[in-house]
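Since the structure is predicted, the reported quantities are computational estimates derived from the model, not experimental observations.
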Amino acid sequence: MLTDTFGRIHNYLRISLTDNCNLRCFYCMPEEEYSFTPNEKLMQVDEIEQLARLFVDQGISKIRLTGGEPLVRKDAANIIARLSKLPVELHMTTNGIRINDMLPQLVDAKFKSINISLDTLQSGRFFQITRRDYFDRVRANIDLLLEHGIHTKINMVVMKGINDDEILDFVAWTARKPIEIRFIEFMPFSGNKWSSNQVYTQADILATIQRSYPIEPITAGPHDTAKAFSIAGHVGRIAIISTMTAPFCAGCNRIRLTADGKLKNCLFSTGETDLLTALRAGDEVLPLIQATISAKAKELGGQLTTDFEHIDTDFLKNRSMITIGG
């Protein structure tokens, strides 16, 4: 088992397949014109499978595929097919644009859940946030997943003055659809123009919802990142990911493998370990993995605090969100 110095066992691996994306969300990508990682520097299909098997041998029981946008890779179907044969739960986070193109492969792979990133229910605002006109396709593809019985979650990054006025609209969606809406506090990454006054906190979100809905907390598991709530009469539910104001580091069981084969032991870690170069050189990879997990900080990568109003992003040492993997 992959255990750090705080006794946390890591059994959840997030694998980014690419830093490429068919959207241009401002909080994820630093700029419109972006230099994506050349293909030869990305993990190839055999390398992804080889590393995934190594992690599974060390106790990984859950793998989430992320991006960029994972489904823009031309070989995404092959990757999914191979990983689906491993003894793990398979999950994915996607923007939903290519769900209809990939539906047979997704059904065959028996995904445990698929998270769709969607920050607005307004088509005009969708274009403002993503700089692309795919709103209707994403909404139709969410319905497609539900029609095929695939457990679907919606990731909404709540940003003050941008989309916080839609919180109740998202909650209302759970009345008629068996989805989980996950409200996410806005987090700082390299180049995403984060500022503390844009953070709509967990307390803010709860206050907004409770003015219109009675909610009941759902008992959380030891590794849950989201605090879930039910609403009487609703077939779906809501949840909040409170990274900035009430982090969940004590129960963290997650590690991240970037598309270029770097291992990060935390979303906010300042360092990373190059597994791909070692793999291609025929060197031992497992000791690198173990050392990286052992070096994991107690919370928030060792560089952030819950006093988010005083975070100076000029001193933040990290990648952009799109190059880490959502």
Side-chain angles (χ1 to χ4, degrees), residues 23 25 27 64 89 91-100 103 106-107 110-130 133-186 199-221 224-243 245-246 248 326:
L23 296 180
C25 302
Y27 63 81
R64 177 176 297 277
E89 285 186 4
H91 302 251
M92 180 168 57
T93 298
T94 170
N95 59 32
I97 293 172
R98 295 207 63 218
I99 291 293
N100 56 312
L103 187 64
L106 300 179
V107 171
K110 296 180 172 59
F111 275 87
K112 185 76 172 179
S113 71
I114 293 181
N115 290 30
I116 305 293
S117 300
L118 180 65
D119 300 316
T120 177
L121 297 176
Q122 301 175 20
S123 59
R125 184 173 286 174
F126 180 93
F127 185 82
Q128 292 175 346
I129 293 173
T130 68
D133 187 16
Y134 285 115
F135 177 76
D136 291 338
R137 183 187 298 187
V138 173
R139 284 300 307 269
N141 280 340
I142 292 170
D143 289 337
L144 195 60
L145 288 175
L146 295 174
E147 289 167 11
H148 284 79
I150 297 176
H151 184 47
T152 305
K153 302 177 183 180
I154 307 299
N155 291 346
M156 182 213 185
V157 178
V158 188
M159 295 163 282
K160 190 177 295 184
I162 295 177
N163 63 351
D164 57 295
D165 59 332
E166 293 190 63
I167 289 174
L168 294 180
D169 295 331
F170 275 89
V171 175
W173 197 5
T174 68
R176 61 188 187 277
K177 296 288 185 179
I179 53 177
E180 178 178 304
I181 303 296
R182 296 155 65 93
F183 299 108
I184 303 173
E185 292 180 343
F186 187 30
V199 177
Y200 205 76
T201 68
Q202 173 179 245
D204 295 330
I205 295 167
L206 286 174
T208 297
I209 296 171
Q210 288 176 309
R211 282 195 290 268
S212 299
Y213 295 94
I215 61 176
E216 291 292 333
I218 298 171
T219 302
D224 286 350
T225 59
K227 302 173 184 68
F229 302 86
S230 63
I231 301 173
H234 285 221
V235 294
R237 68 182 194 177
I238 63 170
I240 300 173
I241 299 178
S242 55
T243 307
T245 62
F248 27 80

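- Taking the side-chain hydrogen bond (donor to acceptor under 3.5 Å, both in side chains) definition, one finds that Arg98 meets it with Asp101, sequence neighbours left out.
- Residues in residues 136-153 take part in these side chain to side chain donor-acceptor pair (under 3.5 Å) pairs, two or more places apart or across chains: Asn100-Asn141.
- By the 4.5 Å heavy-atom criterion applied to side chains, Ile114 and Leu106 are counted as neighbours.
- In this structure, Ile241 and Ala226 approach most closely via the heavy-atom pair CG1-CB, 3.8 Å.
- Contact between Phe135 and Thr120 at its shortest, heavy atoms only, is CE1-O, 3.6 Å.
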Check against side-chain contact (heavy atoms from CB on, under 4.5 Å), Asp204 and Ile167
CA-CA 11 Å; Asp204 295 330; Ile167 289 174; over 6 Å; no

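- Using a 4.5 Å heavy-atom cutoff, the side chains of Leu168 and Thr208 are in contact.
- Side chain of Glu185 to backbone of Gln202: a donor-acceptor contact under 3.5 angstrom is found.
- Every residue two or more places apart in sequence or in another chain that forms a side-chain hydrogen bond (donor to acceptor under 3.5 Å, both in side chains) with Ser113 is listed here: His91.
- The shortest distance between side-chain heavy atoms of Ile240 and Phe229 falls below 4.5 Å.
- Note: Phe183 CZ to Ile154 CD1 = 10.5 Å, rounded to the nearest 0.5 Å.
- Taking 4.5 Å as the limit, every side-chain heavy atom of Asn115 sits out of range of all side-chain heavy atoms of Thr94.
- Shown here for Thr130 and Cys25, the closest heavy-atom pair between the two residues is CG2-SG, 3.7 Å.
- Rounding to the nearest 0.5 angstrom, the gap separating the CG atom in Asn155 from the OG atom in Ser117 is 5.0 Å.
- Within the model, atoms CG of Leu118 and CD1 of Ile142 stand 5.0 Å from one another, a figure rounded to the nearest 0.5 Å.
- Residue Ile97 comes nearest to Leu23 through the heavy atom pair CD1-CD2, 3.6 Å, listed as atom of the first residue, atom of the second, then distance.
- Under the side chain to side chain donor-acceptor pair (under 3.5 Å) rule, Arg125 has a single partner from Asp119, Asn163, Asp165, which is Asp165.
- In this structure the side chain of Thr225 reaches within 4.5 angstrom of the side chain of Arg182, judged on heavy atoms.
- One distance of note links CD of Glu166 with CE of Met156; it measures 5.5 Å at 0.5 Å rounding.
- Taken from CZ in Phe111 to CD1 in Ile150, the straight-line distance is 8.5 Å, to the nearest 0.5 Å.
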Could you walk me through whether Ile162 and Phe186 pass side-chain contact (heavy atoms from CB on, under 4.5 Å), step by step?
CA-CA 11 Å; Ile162 295 177; Phe186 187 30; over 6 Å; no

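- Taking CG from Leu145 and CG from Leu103, the interatomic distance works out to 7.0 Å, rounded to the nearest 0.5 Å.
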